[in-house]
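Take a look at the structure set out below.
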Amino acid sequence: MNGSASMYSELQREPPDIGSLLTHPDYLDGNPELIKPKKLQNPVKASRSHQELHRELLMNHKRGVGIDKKPELQRVLEHRRRDKIIQQKKEEEAIKKLQSPFEQELLKRQQRLEQLEKDQEPAKDEERAPEFVKVKEKLRRTAMLPSEERVA
């Protein structure tokens with residue numbers, strides 16, 4: 001046991017030689033003719049809106065405000081939308097409850113009566129027509145009948 005523990009401690013004390021595993025870039029040699037590359041900036045992190053958002057999140061974190069909480073305006077608008085939808089559903093249910101089977105039958109009868117009145121209006125127009133218009137229509141009908149039917 002002691003031998004294996006001491007071997008483990010020796011491995012931890014020796015720094016690993018990573019340099020032999022990785023390749024060294026040419027620009028580290030110090031050649032003044034080569035242009036040294038610069039680290040590219042992340043366009044998202046460089047944007048103003050991202051920086052402002054990050055600052056706001058940090059400030060909220062320091063103050064202890066929950067990240068998952070929504071702004072007050074958004075919460076109020078969602079609350080109003082929910083209330084409006086609930087109110088509409090209640091109104092629809094109230095309308096359905098108010099219409100008893102008797103009221104439904106009355107509505108059907110009223111619709112049928114209105115339909116009959118619309119159908120009878122053209123007939124009334126024919127009755128109101130002057131006599132010469134009626135005679136002219138009768139003449140048209142007789143003129144359209146075949147001659148055999150007129151004789152019989």
Side-chain angles (χ1 to χ4, degrees), residues 1 4-5 8-9 11-12 15-28 34-152:
M1 284 274 208
S4 65
Y8 179 72
S9 61
L11 287 175
Q12 279 187 336
D17 188 21
I18 298 175
S20 64
L21 299 174
L22 298 175
T23 58
H24 293 288
D26 294 335
Y27 60 84
L28 293 178
L34 293 177
I35 300 172
K36 295 183 180 179
K38 294 181 180 178
K39 185 176 180 181
L40 295 176
Q41 289 184 347
N42 186 346
V44 174
K45 289 185 178 181
S47 71
R48 267 248 193 261
S49 61
H50 182 272
Q51 291 173 354
E52 290 171 1
L53 177 66
H54 188 64
R55 270 192 225 114
E56 184 179 347
L57 287 172
L58 286 175
M59 292 298 289
N60 287 343
H61 181 69
K62 287 179 184 176
R63 281 191 269 150
V65 177
I67 296 172
D68 57 329
K69 289 187 179 178
K70 297 178 182 177
E72 185 177 354
L73 177 63
Q74 190 174 2
R75 278 187 277 129
V76 169
L77 291 174
E78 286 179 359
H79 185 67
R80 285 184 183 174
R81 266 188 246 127
R82 262 188 267 118
D83 288 346
K84 187 176 180 182
I85 291 170
I86 291 169
Q87 184 67 24
Q88 287 176 350
K89 288 181 181 178
K90 285 182 180 178
E91 288 175 0
E92 290 173 2
E93 290 174 6
I95 290 171
K96 288 179 182 178
K97 288 180 181 178
L98 289 176
Q99 286 186 348
S100 65
F102 177 71
E103 290 175 338
Q104 291 173 356
E105 285 297 319
L106 285 176
L107 285 173
K108 287 180 185 177
R109 283 188 182 194
Q110 183 181 2
Q111 289 172 352
R112 269 190 259 136
L113 287 173
E114 288 174 358
Q115 186 65 32
L116 286 173
E117 288 176 2
K118 288 179 183 177
D119 293 343
Q120 290 177 358
E121 284 179 8
K124 289 181 181 178
D125 290 340
E126 291 176 4
E127 292 175 3
R128 293 180 192 158
E131 190 175 341
F132 70 90
V133 174
K134 293 178 187 177
V135 171
K136 190 175 181 181
E137 287 178 8
K138 285 182 184 178
L139 286 173
R140 281 187 196 158
R141 286 185 205 143
T142 56
M144 291 183 185
L145 292 174
S147 57
E148 298 168 3
E149 290 181 11
R150 277 190 247 156
V151 175

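Numbers for residues simply follow the sequence, beginning at 1.
Considering CZ of Arg140 and OG1 of Thr142, their distance stands at 11.0 Å, rounded to 0.5 Å. One finds the NE2 atom of His61 at 10.5 Å from the CG atom of Leu57 (value rounded to the nearest 0.5 Å). Once rounded to the nearest 0.5 Å, the distance linking CZ of Phe132 with CG of Leu139 reads 13.0 Å. Between the CD atom of Gln111 and the CD atom of Glu114 there is a distance of 7.0 Å, given to the nearest 0.5 Å.
Every residue two or more places apart in sequence or in another chain that forms a side-chain contact (heavy atoms from CB on, under 4.5 Å) with Lys90 is listed here: Ile86. Applying the side-chain contact (heavy atoms from CB on, under 4.5 Å) test to Glu52 and every residue at least two apart in sequence or in another chain returns Arg48, Arg55. For Lys39, the salt bridge (Lys or Arg N to Asp or Glu O under 4.0 Å) test picks out no residue, with sequence neighbours left out. Checked against side-chain contact (heavy atoms from CB on, under 4.5 Å), His54 has the following partners two or more places apart in sequence or in another chain: Leu58. Partners of Glu103 under the side-chain contact (heavy atoms from CB on, under 4.5 Å) rule, at least two apart in sequence or in another chain, are Gln99, Ser100.
Counting only heavy atoms from C-beta outward, the side chains of Asn60 and Glu56 approach each other to under 4.5 Å.
Of all heavy-atom pairs spanning Ala46 and Gln51, the tightest one is O-NE2, 3.6 Å.
Atom CD of Glu131 sits in a sparse spot, with 12 or fewer heavy atoms from other residues, nucleotides or ligands closer than 6.0 Å.
Residue pairs meeting the side chain to side chain donor-acceptor pair (under 3.5 Å) criterion with at least one partner in residues 73-89, sequence neighbours excluded, are Lys70-Glu78, His79-Asp83.
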